[in-house]
Every structure is written in structure tokens, then in C-alpha cells.
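Here the structure comes first, spelled out in C-alpha cells, and everything after it is commentary.
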Amino acid sequence: ELRCVVAVDGPSGSGKSTVSRRLARRLDARYLDTGAMYRALTWAVLQAGVDLTDPDGIAKVAVDCELLIMTDPEHPSISVNGENVDAPIRGGEVTAAVSAVSAVPFVRQVLTARQRAIIEESDRIVVEGRDIGTVVAPDADLKVFLTASSAERARRRSAETAGDHAATEADLARRDHLDSTRKVNPLQQAADAVVLDSTELGIDEVVSELYRLLTTRK
Ligand code: C5P
């Protein structure tokens, strides 16, 4: 089997995580959720009591904190300084703060370097995020930009989190705006990305289409 890197980018609720995990299983590849890395660092920032408007304080946390990332698509997991944070990084506090932390240029530098190192040491890997095809792995074998209508994305997110629909839709819109307009590495479609809209397509159809694209590419 050849080395193979798949980059999956898109906004929150586009189905990125489910699609990326299933594709990784099908390819017998590793799975890297870069959003979980930004969330874990955000959890550490909140734990340290650092102000979200203090980029130097945030940068210091980024240097000091040790992330352990498990890339098995059956059991993806992340810990910070030995503490498993899989549950708290999905909570409201982290979700509300993550866009601010991920806008700090030094944070992106540190996490991008770590992501590239993980990709480098993997034979096959599916990497999901916001800037994978554009910045982290511009040489990926397949770049996918996954979208869905904002109503559908909010519906999926509130089903996942059992949260209030209107509040979820507002939070998604706020994060999409922050993530797309930040100065450093905003959410962007790579020029050579395959764009798939998952509003109408089922998850299985998206996974099958990506598998087909990968196995038929020259
Ligand atoms: O994908 P997820 O919703 O878990 O990502 C959480 C946040 O992490 C995003 O809203 C974004 O601010 C940040 N992120 C990023 N770059 C990535 C992945 C995530 O800035 N590659």
C-alpha cells in the first residue's frame, strides 16, 4: 500500500468527524482530529485561568502543555499533561472559547508543527480540520471540503449535544464567522479540493464517494 494522506476541511456540523473516522477505518488508516487539539489546548488555557484576550499567556500554556493524541479511528482520544480530556473538550465552556484560542498565531504554529509530525510518521492518515488542505498538508493525496446548509449543520449539532436548537445555530454561526475571518489560516477551501455538500447526501454516500475518488485516482 502506498502512503496516503487525506485532508478533510469544512465548517462545524458538516459531518467532517463522522466521515473522516469512517473513511479512516475503511482505509485501515489513522485518524487525526485537529479540532480536538485546539479544544484540548483551550481546556488547558481555561484551567490555567488565563484570560482569552492575553495572547502571551495563551502562548505560554501552548509551550507548557503536553498533548498525548491517540489516532486509532476506533478509539480517538486526547490527554493534556496526563489527564484525559475527551469529555470536557466537548463542553460549552471550551466550545465558547476555542475560536479565540485558535486565532492566536503562536498556537497555530505549535499545533501545525505537531500535526505535520504525526502525518509524517503515518503511512496512511485521514486528517480533519479547518486548514489541513491549505496549510497543514498542502500535498495531501486527496483534499475534501465538506459543507452542508447551516440549518442542517445546526440540526446535527443539536441532535449530538441534545442542546437547544436556536442556541446551537447561533453558536455555529458565531464560530464559523470567527474561524473564516481570522487573520491567520482561516477556514478556506483549497483550490484543488473536492467539494461535497452533505445536506442531501448521507454519510455513507459521502464516505463511498471519497473512497472511490482515492482508489481511482491516477
Ligand atoms: O472541529 P471542531 O469544531 O472540533 O473545532 C473546534 C475549533 O477549533 C474550531 O471552531 C476552530 O476554531 C478550531 N480549529 C482550527 N483549525 C483546525 C481545527 C479546528 O482553528 N484545523
Side-chain angles (χ1 to χ4, degrees), residues 5-21 24 31-46 52 55 58-59 61-62 65 67 69 71 76-78 80 85-119 125-138 140 143-148 150 152-154 156-161 163 168-190 193 198:
V5 177
V6 180
V8 183
D9 290 299
S12 330
S14 57
K16 270 190 325 270
S17 298
T18 313
V19 165
S20 302
R21 262 180 88 171
Y31 160 67
L32 180 62
D33 175 0
T34 63
M37 297 171 71
Y38 286 95
R39 287 172 180 273
L41 188 56
T42 301
W43 177 86
V45 165
L46 295 174
L52 293 175
I58 292 173
V61 176
C65 90
L67 297 181
I69 303 145
T71 55
S77 174
I78 189 159
V80 179
V85 294
D86 293 333
I89 63 168
R90 304 295 161 191
E93 268 188 286
V94 167
T95 301
V98 66
S99 292
V101 172
S102 62
V104 175
F106 183 75
V107 164
R108 304 206 68 81
Q109 207 176 301
V110 168
L111 293 187
T112 297
R114 185 71 190 278
Q115 290 154 14
R116 286 180 177 151
I118 294 170
I119 293 167
I125 189 165
V126 179
V127 188
E128 66 149 296
R130 301 291 188 292
D131 61 344
I132 310 307
T134 50
V135 175
V136 176
K143 300 181 191 178
V144 187
F145 194 87
L146 204 58
T147 58
S150 57
E152 175 62 13
R153 295 193 289 111
R156 288 177 190 164
R157 236 340 117 82
S158 42
E160 254 169 41
T161 58
T168 303
E169 189 157 14
D171 173 68
L172 281 187
R174 185 188 65 86
R175 276 205 293 146
D176 287 350
H177 178 74
L178 290 172
D179 292 343
S180 313
T181 57
R182 70 172 172 235
K183 290 214 180 70
V184 184
N185 308 349
L187 169 64
Q188 238 180 4
Q189 207 170 294
S198 73

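Only a predicted model underlies this, so the values are computations on that prediction, with no experimental measurement involved. One-based numbering, in listed order, for ligands and for the atoms of each.
- When all heavy atoms are compared, the tightest approach of S102 to V107 is CA-CG1, 4.5 Å.
- Using a 4.0 Å cut-off between heavy atoms, M37 makes no contact with ligand 1 at all.
- Side-chain contact, R156 with S14: no donor N or O sits under 3.5 Å from an acceptor N or O.
- The ligand atoms of ligand 1 that sit less than 4.0 angstrom from a heavy atom of K16 are 1 (O).
- Side-chain contact annotation: R130 with S12, donor-acceptor N/O pair under 3.5 Å present.
- Of all atoms in ligand 1, listed by their number and element, those nearer than 4.0 Å to a heavy atom of S102 are 11 (C), 12 (O), 13 (C), 20 (O).
- Taking all heavy atoms of T34, L32, V135 into account, the minimum distance to atom 18 (C) of ligand 1 is reached by T34.
- With Q115, R130, R39, R90 as candidates, the residue nearest to atom 1 (O) of ligand 1 on a non-hydrogen basis is R130.
- Considering backbone and side-chain N/O atoms, D179 comes within less than 3.5 Å of an N/O atom of ligand 1.
- Residue R108 places at least one N or O, backbone or side chain, under 3.5 Å from an N or O of ligand 1.
- Remark: E93 CD is loosely packed, at most 12 non-hydrogen atoms of other residues, nucleotides or ligands lying under 6.0 Å away.
- In terms of heavy-atom proximity, I125 sits nearest to Y31 at CG1-N, 4.3 Å.
- Within the 4.5 Å cutoff, side-chain heavy atoms of L41 are placed close to those of C65.
- Of all non-hydrogen atoms in A44 and V80, the two that sit nearest each other are CB-CG1, 4.1 Å.
- You'll find the side chain of R182 stays beyond 4.5 Å of the side chain of S99, heavy atoms only.
- Closest of all the heavy-atom pairs between I78 and A36 is CD1-O, 3.8 Å.
- Nearest heavy-atom pair, Y38 versus Q115, reported as atom, atom and distance to 0.1 Å: CE1-NE2, 3.8 Å.
- Contacts with ligand 1 closer than 4.0 Å are made by side-chain heavy atoms of R182 only, the backbone lying farther away.
- Proximity to G129 (heavy-atom distance under 4.0 Å) selects the following atoms of ligand 1: 18 (C), 21 (N).
- At a heavy-atom cutoff of 4.0 Å, ligand 1 is contacted by the side chain of R175 but not by its backbone.
- Among protein heavy atoms, the minimum distance from atom 19 (C) of ligand 1 is reached at G35 CA, 3.6 Å.
- Heavy-atom proximity to V98, at under 4.0 Å, picks out these atoms of ligand 1: 7 (C), 8 (O).
- For the pair D131 and ligand 1, the shortest N or O to N or O distance falls below 3.5 Å.
- Note: no N/O pair closer than 3.5 Å links Y38 and ligand 1 by distance alone.
- Using a 4.0 Å cut-off between heavy atoms, S99 contacts ligand 1 through both its backbone and its side chain.
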